Number of protein chains: 2
Amino acid sequence: MSKIPQIDAIDRKIIRALQRSGRMTNLELAAEVNLSPSPCLRRLRNLENNGAITGYSVEVNAKAYGLPVTVMVRISLDKHTEDVVLRFEERMKAIPEVLECFVMTGLSDYLLRVVVSDLEDYERFVRDRLHPIGGIGSIDTSFVYGVVKRTNVYPEYQG
Amino acid sequence: MSKIPQIDAIDRKIIRALQRSGRMTNLELAAEVNLSPSPCLRRLRNLENNGAITGYSVEVNAKAYGLPVTVMVRISLDKHTEDVVLRFEERMKAIPEVLECFVMTGLSDYLLRVVVSDLEDYERFVRDRLHPIGGIGSIDTSFVYGVVKRTNVYPEYQG
DNA sequence: GGTATTTTTGACATAATATTCCAAAATTCC
DNA sequence: GGAATTTTGGAATATTATGTCAAAAATACC
């Protein structure tokens with residue numbers, strides 16, 4: 001049972017503003033949510049300490065960094081004993097190319113988002129990173145051809 | 001043909017540091033990459049103006065915000081005429097619950113990441129947002145049951 | 001291999017911003 | 001409706017960002 005921090009409409013405005021522009025100054029943020037700087041900063045710190053805000057990050061052009069290929073990988077395990085599952089999930093956390101790993105409903109057990117520099121690099125990833133884990137039943141690879149939309153901004157809350 | 005900004009090892013250290021902690025001060029950043037503040041800030045601004053860094057964002061606990069359900073939706077169009085494709089992609093950009101929409105290789109044409117408040121809300125999303133678009137051949141829904149890993153930090157570059 | 005040119009760096013001064021404190025205002029609870 | 005609690009806004013101070021410029025480093029050229 002985790003505590004439920006009380007979030008109100010102003011907090012949501014703060015969150016959405018920072019999802020759009022995570023490094024805006026407290027003065028800009030305060031103006032945007034119609035507060036003066038001090039209560040705005042206090043609310044922000046509360047959200048951070050609450051666990052509502054878990055961190056900040058920069059958005060990077062993956063190609064410019066040298067990782068132009070994004071791959072979505074759906075993986076099923078061939079058995080679901082605790083040791084197989086734990087081993088797999090520990091490996092996921094440890095592999096740097098795996099940026100996201102979700103447990104899914106539906107046909108596949110896991111959905112991974114993986115970044116690599118080229119096709120050859122992805123082959124290496126499957127051969128040297130995935131296969132050695134063991135217990136994997138199937139791997140279904142889909143490459144990202146294009147990005148239609150990518151945003152961090154949540155929809156306005158319809159309370 | 002897009003220009004390729006020249007990124008070196010220090011720039012990549014800056015990027016990785018900010019992917020971990022996107023709101024660190026320039027002083028902290030400079031210390032982390034072993035530069036003094038002024039060249040560090042100049043490099044950062046260059047990365048921003050280059051297009052290597054495209055923005056900043058806050059990481060939010062979706063449940064605390066009121067959107068506890070994340071859905072991955074794979075969608076195929078029933079035909080691929082220009083008007084059907086354009087209409088679909090324009091709608092994707094306009095629907096606030098769709099945070100990501102990728103064009104994919106493989107069986108499905110698109111992969112969406114959608115956030116909603118509950119199952120009923122997702123039903124509404126499919127009925128009122130997706131179906132009215134038209135031209136959709138198949139919708140395959142998978143719910144995110146758990147998050148094994150979620151990071152923004154790219155792997156160290158193996159140049 | 002050495003010199004000239006270009007680029008990058010680091011220190012300092014100034015401007016902008018964050019942070020803290022406290023009294024006033026607003027809200028909530030009986 | 002009044003008391004207690006919470007939230008707010010303004011002012012003072014500390015911290016940080018920004019711009020300038022000379023020195024150092026890297027690069028190119030001969």
Side-chain angles (χ1 to χ4, degrees), chain A residues 2-61 64-66 152-154 156-159, chain B residues 2-61 64-66 152-154 156-159:
Chain A
S2 68
K3 64 160 171 269
I4 298 154
Q6 195 62 351
I7 292 214
D8 67 8
I10 299 178
D11 289 334
R12 282 195 201 82
K13 283 182 78 172
I14 290 175
I15 285 174
R16 297 185 77 233
L18 289 174
Q19 284 177 326
R20 255 190 301 109
S21 181
R23 239 172 119 93
M24 74 191 334
T25 68
N26 184 54
L27 271 62
E28 294 168 319
L29 184 61
E32 192 151 329
V33 304
N34 296 313
L35 276 183
S36 67
S38 3
C40 183
L41 187 64
R42 198 161 333 107
R43 277 171 176 274
L44 181 57
R45 294 294 178 253
N46 282 344
L47 291 169
E48 290 167 352
N49 297 331
N50 268 344
I53 287 178
T54 55
Y56 298 88
S57 192
V58 64
E59 295 159 16
V60 180
N61 180 334
Y65 183 88
N152 294 302
V153 183
Y154 287 159
E156 279 190 79
Y157 187 72
Q158 317 291 344
Chain B
S2 69
K3 64 158 171 267
I4 296 154
Q6 195 62 351
I7 291 214
D8 68 8
I10 299 178
D11 289 333
R12 276 191 271 274
K13 282 183 79 172
I14 289 175
I15 284 174
R16 285 177 26 99
L18 289 174
Q19 283 177 326
R20 255 190 301 108
S21 181
R23 239 173 120 91
M24 72 190 339
T25 68
N26 183 54
L27 296 171
E28 294 167 319
L29 184 63
E32 193 152 326
V33 304
N34 296 314
L35 276 182
S36 67
S38 1
C40 183
L41 186 64
R42 196 160 338 102
R43 277 171 176 273
L44 181 58
R45 295 290 179 256
N46 282 345
L47 290 171
E48 290 168 351
N49 297 333
N50 268 346
I53 287 178
T54 56
Y56 298 88
S57 191
V58 65
E59 295 159 16
V60 180
N61 179 334
Y65 184 89
N152 294 303
V153 184
Y154 286 157
E156 278 189 79
Y157 187 71
Q158 316 292 343

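Naming: A, B, ... by sequence-line order, numbering from 1 per chain. Remember, it's a predicted structure, so these values are computed and weren't measured experimentally.
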Side-chain contact test, heavy atoms from C-beta onward, threshold under 4.5 Å: evaluate it for Ile7(A) versus Tyr65(B) and give yes or no.
no
Which atom pair, heavy atoms only, marks the closest approach of Arg23(A) to Gly22(B)?
NH1-O, 2.9 Å
Let me test you: for the helix from dG1(C)-dC30(D) to dC30(C)-dG1(D), what is the angle between the axes at its two ends (five pairs each), rounded to 10 degrees?
60°
Value in whole Å for how far the P atom of dT8(C) lies from CG of Leu41(B)
15 Å
Gap between atoms CG and C1', on Asp8(B) and dA26(D) respectively (whole Å):
12 Å
Please report the interatomic distance CD(Glu32(B)) to CG(Leu18(B)), rounded to the nearest 0.5 Å.
8.5 Å
Which ones in residues 19-38 of chain A lie close to DNA chain D, meaning a heavy atom under 4.0 Å from one of its atoms?
Leu35(A), Ser36(A), Ser38(A)
Would you name the heavy atoms of Gln19(A) and Val153(A) that are closest together and state the gap between them?
OE1-CA, 3.4 Å
Less than 4.0 Å between a side-chain N and a carboxylate O, is that true for Lys13(A) and Asp8(A)?
no
Calculate the interatomic distance between Leu18(A) atom CG and dA18(C) atom P; express it in whole Å.
11 Å
Has Arg43(A) got a side-chain N or O lying under 4.0 Å from the OP1 or OP2 atom of dT8(D)?
yes
Under 6.0 Å from the CD atom of Glu28(A), do we count more than 12 heavy atoms belonging to anything else shown?
yes
Rounded to the nearest Å, what distance is computed from the CG atom of residue Asp11(B) to the P atom of nucleotide dT7(C)?
16 Å
Can you tell me the distance, in whole Å, between the OH atom of Tyr56(B) and the C1' atom of dA17(D)?
13 Å
Without decimals, in angstroms, what is the distance between Arg42(A) CZ and dT5(D) P?
18 Å
For Cys40(A) against Val33(A), the heavy-atom pair lying closest together:
SG-CG2, 4.2 Å
Distance check needed: dT7(C) P versus Asn46(B) CG, whole Å only.
12 Å
Ion pair Arg43(A)/Glu48(A), N-O distance below 4.0 Å
no
Please determine, by modelled atom types, if Asn152(B) and Glu59(B) share a side-chain donor-acceptor pair under 3.5 angstrom.
yes
